Novice: 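The structure follows.
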Amino acid sequence: MRYVYLIESSAGAHRYVGVTSDIKRRLKDHNRGKLPHTAPHAPWRLITYAAFTDPTRANHFEHYLKSGSGHAFATRHLW
């Protein structure tokens with residue numbers, strides 16, 4: 001399984017979209033500061049995720065959520 005996930009900093013000021021095969025480990029990595037892009041804004045909380053059996057579809061969905069229309073979709077329906 002591949003998971004596309006949305007996390008938010010506990011202050012609510014920052015959001016991040018990512019993809020992983022181990023969502024629990026990945027969230028721990030974000031909160032431990034192991035990922036340079038999200039380290040300054042830790043701690044993070046999981047908002048939602050979508051599970052995919054096809055890795056290609058997961059990557060496409062992540063890419064979409066990082067686009068302008070994907071941001072709008074996520075703001076209306078997922079955050």
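Everything numeric in this text was worked out from a predicted model, so none of it was measured. Every heavy atom of this structure was used, including side-chain atoms; hydrogens, water molecules and symmetry mates were not.
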Novice: Do you know which two heavy atoms are closest between Ser21 and Tyr3, and how far apart they sit?
Specialist: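 Taking Ser21 first and Tyr3 second, the nearest heavy atoms are O-CE1, 3.7 Å.
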
Novice: Would you check if Arg15 and Leu6 make a side-chain contact, meaning some heavy-atom pair closer than 4.5 Å?
Specialist: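 No. Closest side-chain heavy atoms not under 4.5 Å.
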
Novice: Hey, do the aromatic rings of Tyr5 and His30 have their centres closer than 6.0 Å?
Specialist: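 Between His30 and Tyr5, which both carry aromatic rings, the centre distance is below 6.0 Å.
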
Novice: First locate atom CZ of Arg2, then atom CD1 of Ile23, and finally report the distance between them rounded to the nearest 0.5 Å.
Specialist: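 If I round to the nearest 0.5 Å, the distance is 11.0 Å.
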
Novice: Looking at His41 and Ser9, what are the two nearest heavy atoms and their distance?
Specialist: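 Distance-wise, the nearest heavy atoms are O-CB, 3.3 Å.
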
Novice: For residues Leu65 and Leu46: do they belong to one hydrophobic cluster (side chain heavy atoms under 4.5 Å, members Ile, Leu, Val, Met, Phe, Trp, Tyr)?
Specialist: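 No, it is not one cluster - the side chains of Leu65 and Leu46 are not joined through contacts under 4.5 Å.
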
Novice: Please list, chain by chain and in numerical order, all residues satisfying salt bridge (Lys or Arg N to Asp or Glu O under 4.0 Å) with Arg45, sequence neighbours excluded.
Specialist: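 Residues passing salt bridge (Lys or Arg N to Asp or Glu O under 4.0 Å) with Arg45: Glu8.
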
Novice: Kindly assign one of parallel, tilted or perpendicular to the pair Phe61 and Phe52, based on the angle between their ring planes and the thresholds 30° and 60°.
Specialist: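 Because their plane-to-plane angle lies in the 30° to 60° range, the rings of Phe61 and Phe52 count as tilted.
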
Novice: Minimum heavy-atom separation for Val4 and Ala58, please, with both atom names.
Specialist: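 Where Val4 meets Ala58 most closely, the heavy atoms are CG2-O, 3.3 Å.
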
Novice: What distance do Thr48 atom OG1 and Ile7 atom CD1 have between them, rounded to the nearest 0.5 Å?
Specialist: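 Going from the OG1 atom of Thr48 to the CD1 atom of Ile7 covers 12.5 Å.
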
Novice: Is Trp44 reaching over with its side chain to a backbone N or O of Tyr16, donor-acceptor style, under 3.5 angstrom?
Specialist: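 Pair absent, no side-chain N/O of Trp44 close to backbone of Tyr16.
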
Novice: List the steps, then state whether side chain to side chain contact (heavy atoms under 4.5 Å, CB included) holds for His14 with Thr38.
Specialist: CA-CA 9 Å; His14 299 279; Thr38 58; over 6 Å; no

Novice: Do other residues, nucleotides or ligands put more than 12 heavy atoms under 6.0 Å from the OH atom of Tyr49?
Specialist: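 No, not enclosed.
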
Novice: Mind listing the closest non-hydrogen atom pair of Asn59 and Val19 along with its distance?
Specialist: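 That closest heavy-atom pairing would be OD1-CG1, 3.8 Å.
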
Novice: Should the pair Asp29-Arg25 be classified as a salt bridge under the 4.0 Å nitrogen-to-oxygen rule?
Specialist: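 Between Arg25 and Asp29 there is a salt bridge, with a charged N closer than 4.0 Å to a carboxylate O.
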
Novice: Quick check: are there more than 12 heavy atoms from other residues, nucleotides or ligands sitting under 6.0 Å from NZ of Lys66?
Specialist: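 Above 12, so yes.
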
Novice: Could you go through the side chain to side chain contact (heavy atoms under 4.5 Å, CB included) check for Thr53 and Met1 one step at a time?
Specialist: CA-CA 5 Å; Thr53 56; Met1 289 295 248; 3.6 Å; yes

